[in-house]
Every structure is written in C-alpha cells, then in structure tokens.
Amino acid sequence: MMSSTSCCNPKELASAKLAPALSGAPDQVAPAHHAAGRPTGPTADLLVVGDIVTNNPASPTAEAMAISGGKIIGIGSRADVEGLVTPDTTTLKPGGFILPGLIDPHMHIWTSLLTYPDIDLAHEVCPTLDDATAAIKAAVAKAPKGQPVCFKNFDPSLYPGEPVLTRTILDQIAPDNPVLVWNASGHFMYVNSLMFQAAGITDQTPDPPGGTFQRVDGKMTGVVGEPPAEQLILKGLPQPNMADVATYIRQILTACAARGVTSVREAATGALAGPKELALLHQLNGQARFPVRVSTAQFAVLPGHTPTEVAAMWKAAGVTPFSGDEMLRADAWKVVSDGSNQGRSGYFLQPYLGEDNGGKSDYTPETLRAALKAGLDDGWQVMVHTNGDAAVEFVLEAFEELLPAYGQHDLRHRLEHCSFTMDDQLTRMAAVGLSPSFLMNHLYYWGAAFRDTILGPQRTGRLDRVASAYKAGLRPSLHSDYNVTEVHPLLSARTAVLRQTKADGQVINAAECATPEQALAAITTNAAWQIHADDRGSLEVGKDADFGIANGNPWGSQPDGWADIAFDATYVGGEQAWQR
Ligand SMILES: [Zn+2]
C-alpha cells in the first residue's frame with residue numbers, strides 16, 4: 001500500500017504538534033560557549049592511557065593521549081607525552097579501546113519529534129504481525145485507562161499479505177485507550193474507535209481535501225490516509241510542552257552518543273518553525289551541554305516565503321555561515337529536490353517497476369536555482385536531498401550552471417542520499433565540487449524491496465555507489481537520516497563493505513563494496529570534512545579530543561562484527577559526554 005505521488009507534508013504535521021512548545025522559544029540565538037573558560041595550554045589537564053586507535057594512517061595506534069582545553073596536545077607512547085603531564089593532570093585509564101568519535105553527517109531531530117516518543121513497531125523490533133499486535137497489547141496494558149497510546153514504524157509491506165491494522169482489530173486489542181499506529185511511510189495511520197472519539201471524528205465527518213478516512217459501507221475502517229486527515233486525528237492527542245520537547249531532544253542526542261557518535265548534523269533545521277528551532281537548541285545546550293556536537297543545516301523553505309526571504313530571516317536571527325559555538329554551529333543551507341524511493345516518490349529517469357510514474361521534483365529548474373542561489377549568495381555550504389537518478393541530474397545541472405559564478409570557495413556542497421547515480425554523474429560531481437553523503441542502510445533495510453518490487457535488479461545495482469564515488473575522486477560520507485534509519489554509523493559502515501540486504505543476505509552489486517578503510521573514513525574523517533569539522537574524525541595533535549570507549553576496534557576487526565561493537569562512554573572536547 002503505497003502512495004504513487006508525493007503530496008504529503010509531514011513537516012506541517014510536526015509543526016502543528018510542536019507549535020505550543022516552540023511558541024515559547026527565543027527568536028535570537030544565544031550560544032553558550034561552554035569551552036570559552038577552558039583555553040588550550042602547554043600542559044595536559046587530562047591524560048588518557050590505554051589502547052588508543054587513532055584513525056591516523058601515519059601512526060594507527062597509541063598508548064597515551066594528552067589533552068588540554070578540549071584539544072589533543074600530544075599522542076603516542078607514554079614517554080612521548082611525559083613532558084606534558086603535571087601533578088594537576090587527571091589520568092583516565094579506561095578498559096577497552098579508545099576510538100575517534102563517530103560522525104553522523106545527516107540526521108533529523110525536529111521532524112523525528114513528530115513520532116517521538118511513540119513506541120517502535122518497526123520490522124526490526126517486531127518481525128511478525130503477531131509480535132506487533134502483542135507489543136500494542138502490552139503497551140496499552142501498562143497505560144492508565146483512557147490515556148492515548150501511540151506507535152510508529154508499522155510496515156505492512158514487510159509482512160506476508162500486507163496486513164492492515166483495522167479499527168476492529170485495534171478495538172479488540174485496545175478497548176480502553178485511544179490508539180494510533182503510524183505506518184512507516186507516514187502516509188497512513190491506523191486508529192481505534194476511542195481515538196476517533198478523542199479527535200471528535202464520526203462516520204459522518206467528511207474527508208478533508210487531500211486526505212481520506214477509509215470507509216466500508218459508510219463506516220470508518222480506522223485507516224487514515226495522508227497528512228490533511230492525519231492532522232485531524234492528531235487534534236485528539238495532547239501536545240508536548242517545551243519541557244517535554246527538551247527531554248525528547250536530549251534523549252535523541254543521547255541515543256547518538258550510545259552509538260559512539262560525538263558529532264551530528266541536523267539536516268533540516270527550521271523546517272517547522274524557522275530560526276526559533278536553532279534558538280531553542282542553543283538555549284537547551286546552554287542549560288546543560290549536549291552529549292554530542294550539533295551542526296545545523298538551515299532549511300530553505302518556509303510556507304508563504306521565497307527562499308530569499310527565508311535567507312533574510314536566518315540572517316536577522318543572527319544565523320550566518322559557521323556562526324554558533326563549538327557545540328552547536330550553523331553550517332549549511334538545505335534544499336529537498338525529490339521524495340523517497342521506498343515511498344515511490346524519488347525522481348527517476350525511468351518509471352518504477354509496473355508503473356508509468358517515475359516520480360518528480362516539486363521544483364522547476366527556475367525555482368530550484370532560486371532556492372540554491374539564496375544559500376550560495378549568503379556563503380552557505382549547500383546540501384540538496386537527491387534520491388532518484390533524475391533528481392541527481394536535475395540538481396547537478398543547476399550546480400554546474402551556478403557554481404562557476406561563485407569562484408573557488410571550499411564550501412564542500414553536498415548531494416544527500418545521492419542514492420541512484422549514473423557513472424557520468426559521479427565524475428561530474430567531482431568536477432563541479434559536490435560530494436555525496438549516502439543513506440547507506442537504505443540498502444540494508446530496503447535493498448531487497450528495491451530489487452524485487454520497486455526498481456528492479458539492474459537499477460538497484462546503482463544504489464549507494466561508495467566504491468565508484470571513491471574511484472571518481474569523491475569523499476563520500478554515510479548517514480542515518482534518523483529517524484528514517486537508526487543512528488548507527490558502524491552498521492552503516494558494515495553495509496558499505498558487505499552490501500548485504502537484511503531480508504535475505506543477498507549482495508547488491510559486489511563491485512560497489514567499499515574497502516573497510518573507505519567505509520570507516522566515511523563515518524569519521526570524510527563525514528568531519530563534510531560538516532566542516534576538519535579537527536575531528538581522527539585522534540591527532542591539534543584535533544578535538546572527541547572519542548568513545550568501546551569493547552571492539554573496527555580498524556582491527558572484520559566488518560561483519562562492527563555493528564555489535566558496544567560503547568561504554570563518550571568524551572567531547574576531553575569531557576565526558578555520555579556514560580552507559
Ligand atoms: Zn534527511
């Protein structure tokens with residue numbers, strides 16, 4: 001059950017849900033500058049001793065690392081750093097391996113809040129339909145009578161026969177609580193009778209324009225389609241307040257840290273509420289330092305405004321390229337050119353299997369150029385969501401035309417997902433100065449579906465071409481696009497090397513397998529370079545002391561075990577950021 005066109009706007013749903021919380025957010029950003037009181041000096045305030053893995057090919061391992069003011073001032077043997085240690089130096093001797101902090105260069109805090117903290121019914125968590133219904137039953141049993149309970153990521157396309165959760169089924173397993181289950185695509189939700197009642201919707205309620213309440217013989221089935229109808233259901237739920245939102249954001253970032261991540265890029269900041277989102281992040285980071293560093297990509301589109309007006313709005317809020325502080329920095333300008341491939345709304349040169357639809361872009365060549373130019377004119381790094389091969393072509397042509405006029409700047413413009421590419425596109429990306437960031441676990445989770453039902457084997461071979469990107473001279477990174485997939489860089493890196501689908505373990509085009517070194521660079525040094533954080537991604541003198549303590553070393557072990565490596569703690573700027 002998939003929608004064939006891209007007509008939805010989940011951002012508007014998230015915006016409505018978060019409106020009360022965000023209305024109290026400040027309008028101007030006020031960075032906290034936590035590091036200002038801790039300048040780097042000639043001697044170490046922290047000495048880390050243990051199995052250090054540097055990710056520096058010149059000297060891959062070390063036994064001691066000296067840190068001052070959050071920076072590495074010495075690394076090597078114990079003797080190498082002896083001279084930097086004073087009686088005031090604190091020594092840290094963790095068990096396990098000390099690894100460079102991992103980097104997720106494209107995830108979403110804000111849009112993820114639409115379904116946060118709903119209970120996860122993803123196929124990964126509930127491999128059978130019975131598991132999913134049992135999870136609903138168990139969660140409802142724990143909730144007080146009458147309290148709404150929400151679930152997310154239910155994906156019927158991954159269960160035999162594509163079963164649907166009807167109102168009748170949900171009434172049976174949840175007779176005393178309003179229940180809402182999000183389909184993984186976001187295009188559908190399934191609700192029970194009490195949820196309809198809470199939202200004030202009856203069999204007589206008309207379908208809103210662009211949305212449907214599925215009915216049989218005039219009776220609602222509980223299947224609700226598309227945001228305009230979903231919006232009416234959400235009115236039956238309490239909205240989170242600012243304290244709730246603060247808690248959720250911290251939980252999302254903490255989950256990143258638990259995967260060894262010390263830096264992320266929030267890839268659509270302001271898409272729901274403009275600069276207030278960034279201002280609120282600064283306020284929260286000021287109250288207590290975030291567990292990971294956050295780089296933000298300012299969203300180019302706000303309803304009712306031209307991109308130029310949106311750019312002016314960011315500037316007026318004090319948000320300019322690389323403004324902020326060491327924990328939270330505004331780095332990029334974000335444009336979305338097409339939809340989602342598994343939602344059959346990515347923009348392709350050829351139609352989807354069994355359809356005459358090949359997706360589309362919501363932009364015309366002119367409006368796309370205007371959106372890119374608004375960011376380029378203000379000196380932003382521009383990152384553009386391109387999923388299908390036609391979207392890559394559409395955006396690449398625009399950059400080829402626009403970029404020469406801006407001269408030689410090291411802004412490292414990016415194509416996001418860059419999921420399906422032709423050979424010449426990768427070469428042209430290198431020539432014009434664009435680098436790709438791949439949503440690598442597209443292949444792991446949806447690779448089999450792309451191959452068998454959505455795109456066919458031929459095209460699916462051109463998914464996430466990490467090896468070819470390197471051959472073309474590009475510096476690719478890997479990302480999660482959370483909450484599309486979980487933040488788990490070591491799983492992404494494993495997929496880049498093995499290219500096996502989760503469904504059947506089949507390899508999708510072995511010629512595109514990355515080497516272990518290439519895959520690990522894509523979640524460390526390349527990702528750091530792409531978020532303009534050249535001082536991260538490896539442990540070397542002069543770089544940030546961002547590291548994790550792990551029970552394994554991916555640089556010294558086989559890729560099939562990488563995803564099982566567990567972290568005990570992370571440090572950001574030499575200070576503990578998270579502990580298990
Ligand atoms: Zn994204």
Side-chain angles (χ1 to χ4, degrees), residues 6 8-15 103-116 152-153 184-187 249 252-253 255-256 261 263-273 277-278 281 292 294-302 330-343 345-347 359 361-363 368 371-372 375 380-388 391-392 395 413-420 434-446 463-464 476-489 491-492 522-523 527 530-531:
S6 163
C8 77
N9 192 348
K11 287 189 189 77
E12 280 168 26
L13 293 181
S15 181
I103 297 171
D104 188 338
H106 180 145
M107 53 79 74
H108 296 276
I109 295 171
W110 293 101
T111 47
S112 300
L113 291 173
L114 173 60
T115 56
Y116 198 91
K152 64 182 169 189
N153 295 332
S185 73
H187 286 287
I249 290 173
I252 289 170
L253 295 178
C256 298
V261 170
S263 293
V264 299
R265 169 164 292 174
E266 208 295 323
T269 312
L272 313 183
E277 288 175 31
L278 186 54
L281 290 178
V292 297
V294 180
S295 160
T296 60
Q298 285 47 239
F299 204 62
V301 177
L302 274 174
D331 293 328
W333 183 252
K334 176 70 181 295
V335 174
V336 175
S337 82
D338 68 341
S340 132
N341 298 334
Q342 56 271 34
S345 57
Y347 179 26
S361 176
D362 287 335
Y363 284 100
L368 175 68
L372 301 180
W380 290 107
Q381 174 194 34
V382 177
M383 57 193 288
V384 187
H385 165 120
T386 54
N387 247 325
V392 171
V395 173
H413 306 300
R414 298 166 37 173
L415 294 191
E416 301 308 303
H417 317 325
C418 201
S419 308
F420 290 85
L434 288 171
S435 69
S437 186
F438 296 113
L439 200 178
M440 197 65 226
N441 283 327
H442 259 153
L443 190 152
Y444 182 60
Y445 292 111
W446 291 282
L463 170 62
D464 294 341
S477 71
L478 309 179
H479 67 257
S480 68
D481 203 21
Y482 173 83
N483 62 359
V484 175
T485 69
E486 60 174 326
V487 174
H488 194 346
L491 175 62
S492 303
I523 57 167
Q530 284 193 352
I531 65 166

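Indexing begins at 1, ligand by ligand and atom by atom, following the structure's order. Given the structure is predicted, the values throughout are model-derived calculations rather than measurements.
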Angle subtended at the Zn ion (ligand 1) by His108 NE2 and His106 NE2, to the nearest 10 degrees, is 100°
side-chain hydrogen bond (donor to acceptor under 3.5 Å, both in side chains) partner of Ser477, the single match among Ser492, Ser435, Ser437 | Ser437
Any N/O/S atom, backbone or side chain, of Glu416 lying under 2.8 Å from the Zn ion (ligand 1)?
-> no
Go through the steps to decide whether Asn387 and Tyr347 satisfy the test side-chain contact (heavy atoms from CB on, under 4.5 Å), and finish with yes or no.
-> CA-CA 7 Å; Asn387 247 325; Tyr347 179 26; over 6 Å; no
Anything under 30° is parallel, anything over 60° is perpendicular, the rest tilted; go ahead and classify His442 against His417.
-> perpendicular
By atom name, which N, O or S atom of Asp481 is the nearest to the Zn ion (ligand 1)?
-> OD1
Please confirm if an N, O or S atom belonging to His417, backbone or side chain, lies less than 2.8 Å from the Zn ion (ligand 1).
-> no
Does any N or O in the side chain of Trp110 come within less than 3.5 Å of the main-chain N or O of Ala14, such that one atom is a donor and the other an acceptor?
-> no
